[in-house]
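Reviewing the structure listed below.
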Amino acid sequence: MAESTENEAAATEFRAEVDGILLHAVAAEPITANTKEIYKALAFAARRQLAKRWVNTQVEDRKKRARRVYYMSMEFLIGRTLDNALSALELREKAAAAFSNAGGPSLTDIIECEPDAGLGNGGLGRLAACFLDSMATLELPSWGYGMRYEYGMFAQSIINGGQVEHPDSWLVDGTVWEFSRPGTMFPVRFGGTAEHHGEWAEWNAAEAVEARAFDYVIPGHGTDRVSTLRLWKADAPAQIDLNAFNSGDYARAAEFKNRFENISWVLYPNDSTPAGRELRLRQEYFFVSASLQDIIFHHLEEHKHLNNLADQIAIHLNDTHPAIAVAELMRLFCDEYGMLWEMAWSQCRRIFSYTNHTLMPEALETWPVSLIQHLLPRHMLIIYRINLEFLAEVERRFPKDIDLIRSVSLIDEGDGNEENKRVRMAHLCIVGSHRVNGVSQLHSDLMVRTIFAGFAKLYPERFHNKTNGVTPRRWLAQANPDMAALLDERIGKGWRLNLERLQELRPLADEPLFRADFAAAKRKNKRRLADYVRRETGVMLDPDSLFDVQVKRIHEYKRQLLNVLHVITRYNAILHGLADDAAPRCVIFAGKAASSYYIAKQIIRLINDVASTINTDPRVRDRLKVVFIPNYSVSIAELIIPAADLSEQISTAGTEASGTGNMKFALNGALTIGTEDGANIEIRDNVGSDNIFIFGNNAQQVEIMRRSGYDPRAIYQGNPLLNETLNKIDGGFFSPQERRRYHDLFNTLVNYGDHYLLLADYTDYVETQDRVDGVYKVPAQWQRKAILNVAGMGIFSSDRTIREYAIDTWHLGASLKKV
Ligand code: 26Q
């Protein structure tokens, strides 16, 4: 048979399989089924094969008694699953062919039916999802552990220019992708009292809640192996629940259920500014305790005792959110399994490793001693003992170094008042781990020079760098199919599993034909985004203009406001007739603000007010457009990023630990305008300084400026362009109905010290943006640089990151797939 007829036959057979599922599992008639029903049937077809892969992987690992790694994270920002599952199962082409009849929905239509699993805030949660993909692809025996939130990251709409939040009830219609494990349940206890009896302590808890497991199969690419993401849901203890119910007291039964089940209801929509609420601590302990009980249960099945646990498992802590695991594992070892403290402690330190994701002091997680005492009294005793022994060691090695002791203690004594004492969760992680890492070279260096300097003095060998990465399957192959096809044609398909192969593009950057194909793929992505933006916001974007994009959480340190200052400056130049040689631009924003973050919400509102002013000013026409795309999410990122020409990575140097959006953009052929911050520095080193626009003060200069007193007001008064721009904001030019609307925003910059140094970087930023125009106006030059960006991004694959973790941190080098 010729290849094409063979493919057609396969597609027809596959369609018949899906139609069968429609009939038998979805209860829908194949001819009249709607797109959602077809989505469900297609997803079921993939699910069946994933289930088989899951079972095979578990059997293999059990037989080998494999050493395993467990990645603990409060967040997994998975996004959609169908497209990725079809690719991993090598069903994608067949499925596309099976749904190519005129009249019926296309595979793309079907894929777009799926709601995102938005179980995370931003970078940290998405990193965890990329890591799961790489761990499965590299064939590591690996599990993710987290929370099955009933409501994920809130949905955002923009009303009168401002952010409005709506609950994200992603589970209302159920999800095809989870496997409920009714047999896997563990009690998690809270409150009560704890007392020492010599070595051993007794905890009389006040209440218990049940943790129930739900598994999500994470397929590897180019392998039949899979990983498991196990998420916990809180259930009220069945027995007591039933008693209230039986006595007819439904109100009490419901209240009782809520008291327990609220633990897994909702993701805390904060990033980088921890909310010190009791429910959050309950969440952290809940999923950590269930996960550790599960890990121990499986280990005992295979090994019958716990003395070799540290030889058999590694547990990674994704930031401090699961930090209480250190105390909980000690409790399980000592109280539940009668292990001696010294043996337990030495295993603990061999088992745990910890990644820090932020340097900003206000973002470091601490909990009041009184709250831990109240909720987890036994754990407070354990933390005190760990601290006592740790500080004794410090005293032995550095006698009378009071400053050192104070700086590394697990307890922040505050003003000395008992009720102001707090537990520093990062310190608990460092003391309880054998490895600590930052997420970019700069961040790791600053970490040991600033927030953890005391620990670096004590344990210099413990600190390392693991620069973040992103999965090329989702962020290039799936999000950018046209570019992926072009790469396949010119350098083969190997880049999916070995991203360094992108280097082979380098010589093609000088080939006019390749440049034209590359530009055509980019233009198609821009057209696709422009269509979406028109449908969602009514704003018309011209795909031939420069797409200048900043999408990420809205935060002062990320400086979306600096971007706005440039936009207004450019607008002023147009009005003054001084922008005749500027390239037409569309400035695109998206991102969510934490619901309680007033300044961040004001920034969103300002972007929208500036957008409506500029987009309706007839003097501007197509030279400048501004748009805020609502409800940024993983799936919207997959649409926006491939369409970008310019990637805005403009955080104050020293504040963005790494960034991963920066990598996704460059991988998709955008040029970066950015500061010397986080991974931007390593991106520059890999794509070449000529192919990136770096501006502004570096981390060292920022440090000096902040220390020696910096005067933003003087800059405001001395710079006419900036002066005009800020006066327009403050004077109500963009909010004529409410002239003082942005006075607070103005004040943070001009009168309250401009903590993130926007005004210090303003002039260099605006001048650098003018250089961007100059390059964009010479398409061959721009395309060449864009291609060289893609070619240099090989090292930013999360496969590389995970390989480094496996070898250096988890002692799992021997399990890695051989290449
Ligand atoms: C903590 C306690 C209570 C409530 C919320 C939180 C909380 C939640 C999320 C604190 C921080 C976060 C998220 C942090 C985050 O996303 N950090 C980003 O991590 C990325 C992956 O390493 C980096 O690339 C980014 O630079 C970093 O900002």
Side-chain angles (χ1 to χ4, degrees), residues 71 73-77 118-131 146-147 149 152-153 266-285 287 316-324 354-368 371 422-426 429 437-444 446-447 465-471 552-559 591-592 594-597 634 649-665 674-675 677-683 796 798 801-802 805:
Y71 194 85
S73 178
M74 284 289 276
E75 306 191 5
F76 289 92
L77 238 185
L119 309 184
N121 274 287
L124 166 148
R126 183 54 232 177
L127 184 75
C130 284
F131 279 3
M147 284 277 272
Y149 303 106
M153 189 61 211
V266 60
L267 166 78
Y268 269 74
N270 286 340
D271 70 322
S272 315
T273 32
R277 307 293 302 275
E278 175 176 333
L279 182 60
R280 168 80 184 194
L281 182 58
R282 280 180 181 265
Q283 290 187 332
E284 294 183 351
Y285 177 63
F287 100 92
H316 200 83
L317 305 173
N318 195 23
D319 214 294
T320 56
H321 314 154
I324 196 71
Y354 153 63
T355 297
N356 169 277
H357 296 265
T358 181
L359 295 171
M360 285 186 293
E362 71 272 21
L364 293 177
E365 203 180 9
T366 63
W367 289 103
L371 179 60
R422 303 179 74 92
V423 179
R424 296 157 158 165
M425 303 313 267
C429 290
N437 71 277
V439 288
S440 72
Q441 193 59 58
L442 174 71
H443 168 236
S444 298
L446 290 173
M447 197 174 76
N465 174 246
K466 294 280 170 285
T467 298
N468 285 166
V470 303
T471 170
K552 48 181 81 247
R553 286 301 288 258
I554 311 294
H555 209 294
E556 284 164 283
Y557 84 80
K558 294 177 187 284
R559 302 201 294 190
K592 293 173 182 175
S595 4
S596 57
Y597 192 168
V634 172
Q649 307 299 336
I650 60 177
S651 50
T652 313
T655 62
E656 188 70 274
S658 162
T660 45
N662 48 3
M663 301 170 187
K664 295 163 196 167
F665 279 101
T675 46
D677 199 14
N680 296 351
I681 296 172
E682 290 154 79
I683 293 176
F796 298 101
S798 47
T801 313
I802 286 299
Y805 276 107

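All ligand and atom numbering here is 1-based and tracks the order in the structure. Computation of the quantities below employed the complete heavy-atom set of this structure, encompassing side-chain atoms and omitting hydrogens, waters and symmetry-equivalent molecules.
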Heavy atom of [X], distance to ligand 1 below 4.0 Å:
X    : result
G659 : yes
W367 : no
R126 : no

Keeping the roles fixed (side chain from [X], backbone from [Y]), state whether a donor-acceptor pair exists under 3.5 Å.
X    : Y    : answer
Q283 : V266 : yes
N437 : N465 : no
N356 : M447 : no

Side chain or backbone, does [X] bring an N or O within less than 3.5 Å of an N or O on ligand 1?
X    : value
N468 : yes
S658 : yes
E284 : no

Next item on the list: For D271, enumerate each residue passing the side-chain contact (heavy atoms from CB on, under 4.5 Å) test, keeping only those at least two apart in sequence or located in another chain.
Entry: N121, R553, H555
Among all the protein's non-hydrogen atoms, which is closest to [atom], and how far away is it?
atom                    : answer
atom 1 (C) of ligand 1  : R280 NH2, 3.4 Å
atom 28 (O) of ligand 1 : E656 OE1, 3.0 Å
atom 2 (C) of ligand 1  : P274 CB, 3.3 Å
atom 8 (C) of ligand 1  : N270 O, 3.1 Å
atom 12 (C) of ligand 1 : S272 N, 3.7 Å

Notebook entry, point to check: Listed by chain and number, what are the salt bridge (Lys or Arg N to Asp or Glu O under 4.0 Å) partners of R559, not counting sequence neighbours?
Noted result: D761
Which segment of [X] sits under 4.0 Å of ligand 1 when only heavy atoms are counted:
X    : result
H357 : both
M74  : neither
E75  : side chain

Item checked: Closest candidate by heavy atom, reference atom 15 (C) of ligand 1, pool L124, N356, T358 -> L124
Margin query: Tell me whether the rings of F131 and Y805 are parallel (<30°), tilted (30 to 60°) or perpendicular (>60°).
Written below: perpendicular
